[in-house]
Number of protein chains: 2
Amino acid sequence: MRTSPSATNAGAGLKSQRPTIKDVAAHAGVSLKTVSRVVNEEAGVKASTRKAVLASIGVLGFRRNAAAAALRQGQTSTIGLVVKDISEPFQSSIAHAVESVASSRGAHLFAASSADDAGRERQLASSLSSRQVDGLIIIPSSENHSYLAQEIASGLAVVFLDCPAEGVDADTVLSDNRVGARKGVEHLIDHGHRRISYIGESATFYTAVERFEGYREALERHGIGVDPDLVMLGNADPERIRSRLLKMQNLSSPPTALFTGNSVSTLATLRVLGTTPLKVAHVAFDDFELFDLLTPGITVVAQDPAGLGTAAAELLFQRIAGDTGSARTIQLHTRLIQRGSGELTPEEL
Amino acid sequence: MRTSPSATNAGAGLKSQRPTIKDVAAHAGVSLKTVSRVVNEEAGVKASTRKAVLASIGVLGFRRNAAAAALRQGQTSTIGLVVKDISEPFQSSIAHAVESVASSRGAHLFAASSADDAGRERQLASSLSSRQVDGLIIIPSSENHSYLAQEIASGLAVVFLDCPAEGVDADTVLSDNRVGARKGVEHLIDHGHRRISYIGESATFYTAVERFEGYREALERHGIGVDPDLVMLGNADPERIRSRLLKMQNLSSPPTALFTGNSVSTLATLRVLGTTPLKVAHVAFDDFELFDLLTPGITVVAQDPAGLGTAAAELLFQRIAGDTGSARTIQLHTRLIQRGSGELTPEEL
């Protein structure tokens with residue numbers, strides 16, 4: 001998984017091949033004002049001129065609506081956001097932040113959900129692009145983004161968020177998932193725990209791999225081996241978690257602490273923990289509304305979804321405005337928030 | 001505020017004025033196949049024919065991209081959703097449900113947030129419409145939707161969600177806000193409370209009016225007057241709520257119960273209640289993740305966001321498919337979920 005910036009530029013390395021109003025005027029041999037009149041359906045244009053302009057708009061690459069909209073609305077730009085699941089609070093907070101940046105620049109945002117399906121991500125990106133968005137922010141489901149190479153080459157600005165692109169060299173905004181998870185697990189080690197269970201997603205995609213690696217690194221730094229009996233990856237079904245927790249409890253050396261690697265696992269674990277006799281300290285990756293009001297409050301490694309969305313949107317608008325610098329990766333730091341559940345020592349359980 | 005269906009049809013009463021591929025073929029005097037070839041940039045079309053087709057596509061009303069997309073993608077339809085704030089869980093759950101229905105029909109959904117700004121809602125609806133969506137679902141911020149009359153007349157399917165349209169006769173999907181609030185307050189009355197505070201939004205828009213009316217009706221049915229000292233509307237700033245709660249506590253007859261009218265008020269109230277000596281039973285309008293894990297669990301009047309989104313999307317696709325029946329209003333029932341906070345009697349506080 002590539003996370004370092006590289007030399008070629010993603011957003012704007014090649015001259016944009018998207019036709020502008022100027023191109024239309026030049027192609028039709030008329031003034032900008034005339035193109036504007038035709039597009040806005042204003043009077044004062046001869047029928048033959050009108051026809052020529054419409055034909056030029058067509059010939060230059062099926063982008064007339066974008067031109068029309070830009071002229072009609074005074075250059076309102078539009079950006080697209082493809083998320084995996086808009087009902088997931090982390091992603092809807094990102095969408096809100098992107099929307100705020102777009103709004104502050106007088107631009108519109110259209111958001112679409114891929115349902116974590118690579119094919120659907122591809123369709124949505126292509127559908128948004130064919131509807132003349134000026135830029136795209138993608139939270140990837142797909143593992144290969146070479147399908148976007150042509151659009152990027154022809155001037156579409158694209159920023160990847162949460163997970164780096166594969167197969168194209170593009171701007172990327174990430175959380176320091178690995179460092180964050182490592183710090184969360186080390187926080188438990190610092191409070192005297194050595195039997196620390198990990199409950200999270202299967203390590204089949206970027207953020208899941210990084211967070212599990214952070215767990216592994218934390219244990220390794222303190223001379224603790226990973227015990228497969230304490231690791232539960234995959235489907236966060238509450239019944240499945242409950243049965244695994246009960247098994248862990250029956251180990252000769254049961255866990256005294258839990259690290260949950262994502263919100264879904266955390267919520268499912270919280271729902272079942274109270275129904276088992278297992279007493280554990282707990283640190284969760286990702287914050288969640290009301291974690292502070294639970295008893296005890298849930299200690300978390302918090303990402304900054306607003307910061308991620310803002311950084312991605314600002315980078316995107318920079319590219320749209322013509323920044324042709326090298327592609328870059330921005331990594332936002334996570335933050336440990338202590339609320340009680342992660343500060344319990346084995347003796348206090 | 002109109003909530004009853006009426007006789008004229010919203011979605012499809014007039015013949016659609018949107019040009020079809022057939023119109024383009026007729027206008028250019030060529031076959032459907034030729035139009036398709038031009039649009040798909042296939043070989044085998046003479047330059048002059050190509051030019052004529054492109055001109056016809058243009059002349060017929062700036063809809064060429066839609067035609068192109070529909071042909072290229074095998075008639076993939078696209079719908080738009082305008083919400084007020086996508087990061088609000090109620091609305092992001094609705095978006096998720098609409099997305100699921102769209103996905104099951106092979107359609108795409110683009111969602112946009114108006115930030116509760118009427119002008120922005122108008123811009124987004126117009127922007128989505130100009131990008132050839134087949135239908136729009138709108139959670140209104142605007143109080144007048146006559147700006148959509150022409151689009152609706154020319155065949156754009158529109159469904160209003162959460163709040164009825166004003167100024168156009170259109171399909172609408174709502175929760176029974178008034179009945180739900182009334183039942184929630186009556187639940188408190190049934191548990192012996194007569195001094196019941198209401199904390200919610202200013203009654204300046206539909207759902208806020210309906211819920212406050214539900215509160216008023218419940219009290220009235222039990223011969224209890226509305227005491228302005230117990231009513232707090234508007235900005236749900238935690239410090240403002242805290243100071244009002246402290247004032248209520250100092251009344252000669254302080255409240256023994258609270259009804260909070262929306263999620264923002266509920267969360268702010270929960271955050272400050274623990275910092276005041278006020279002990280109250282509590283019923284909240286709208287459910288929220290983790291309310292069941294608080295101590296006590298929060299009793300709620302739950303809307304069904306997934307049901308609302310599904311009903312609106314299904315109605316929209318029915319209209320897109322050609323249903324020209326009268327505009328209708330679908331009202332989904334709310335549900336009281338007892339979790340502890342709303343079942344405390346004045347004696348138990």
Side-chain angles (χ1 to χ4, degrees), chain A residues 38-39 41 50-55 57-59 62-66 68-69 72-73 76 78 80-81 85-89 91-97 99-100 103 108-113 115 117 120 123-124 126-128 130-132 267 270-271 274 288-295 305, chain B residues 39 41 50-55 57-59 62-66 68-69 72-73 76 78 80-81 85-89 91-97 99-100 103 108-113 115 117 120 123-124 126-128 130-133 267 270-271 274 288-295 305:
Chain A
V38 170
V39 166
E41 303 179 54
R50 179 175 146 77
K51 207 163 173 178
V53 170
L54 291 173
I57 286 172
V59 169
F62 309 102
R63 299 287 180 192
R64 202 212 358 231
N65 276 306
R72 266 199 302 271
Q73 303 168 14
T76 295
T78 302
L81 170 67
D85 176 359
I86 197 67
S87 69
E88 207 259 306
Q91 295 177 65
S92 68
S93 298
I94 286 175
H96 184 68
E99 160 69 25
S100 297
S103 182
H108 293 160
L109 170 69
F110 296 149
S113 299
D117 177 294
R120 196 157 171 86
Q123 286 170 13
L124 289 169
S126 145
S127 178
L128 282 162
S130 78
R131 280 172 173 78
Q132 292 93 35
L267 293 176
L270 286 174
R271 289 239 143 70
F288 205 89
E289 185 89 43
L290 296 182
F291 273 2
D292 55 330
L293 293 189
L294 296 181
T295 314
Chain B
V39 167
E41 303 180 53
R50 178 175 148 77
K51 209 162 172 179
V53 169
L54 292 174
I57 287 172
V59 169
F62 309 102
R63 297 289 180 191
R64 200 207 6 225
N65 277 306
R72 265 200 304 270
Q73 302 168 14
T76 294
T78 302
L81 169 68
D85 176 359
I86 198 67
S87 68
E88 208 260 305
Q91 295 176 65
S92 68
S93 298
I94 285 176
H96 185 68
E99 160 69 27
S100 297
S103 183
H108 294 162
L109 170 69
F110 296 148
S113 300
D117 177 293
R120 196 159 171 85
Q123 286 171 11
L124 290 168
S126 146
S127 178
L128 283 162
S130 78
R131 281 173 172 78
Q132 291 93 38
V133 295
L267 294 176
L270 286 174
R271 288 240 143 69
F288 205 89
E289 185 91 41
L290 296 181
F291 274 1
D292 56 328
L293 293 189
L294 296 182
T295 313

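A note on names: the letters A, B, ... follow the listed sequences, proteins ahead of strands, and every chain is numbered from 1. Quantities reported herein were computed from a predicted structural model and do not represent experimental measurements. Computed from heavy atoms alone, side chains included, the values below leave out hydrogens, waters and symmetry copies.
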What part of A:Leu293 is in contact with chain B, defined as an atom under 4.5 angstrom from a non-hydrogen atom: side chain, backbone, both or neither? both
Can you check whether A:Glu88 reaches B:His96 side chain to side chain, under 4.5 Å on heavy atoms? no
Under a 4.5 Å heavy-atom cutoff, which of B:Ala112, B:Ala111, B:Ala115, B:Gly274 has the most pairs with chain A? B:Ala111
Does the side chain of B:Leu267 reach to within under 4.5 Å of the side chain of A:Glu289, using non-hydrogen atoms? yes
In terms of heavy-atom proximity below 4.5 Å to chain B, should A:Arg271 be classed as side chain, backbone, both, or neither? both
Out of A:Phe110, A:Phe288, A:Phe291, return the one with the most heavy atom pairs under 4.5 angstrom to chain B. A:Phe110
If you count heavy-atom pairs within less than 4.5 Å of chain B, which of A:Leu124, A:Ile94, A:Leu270, A:Leu81 leads? A:Leu124
Contact leader toward chain B among A:Ala97, A:Ser87, A:Ser93, where contacts are heavy-atom pairs under 4.5 Å: A:Ser87
Is it the side chain or the backbone of A:Asp117 that comes within 4.5 Å of chain B heavy atoms, both, or neither? neither
Nearest heavy-atom contact between A:Ser113 and B:Glu99 is O-OE2, 3.0 Å
So what's closer than 4.5 Å to chain B heavy atoms on A:Ser100: side chain, backbone, both or neither? neither
Minimum side-chain heavy-atom gap A:Leu128-B:His108 below 4.5 Å: no
From CD1 (B:Ile86) to CD1 (A:Ile86), nearest 0.5 Å: 4.5 Å
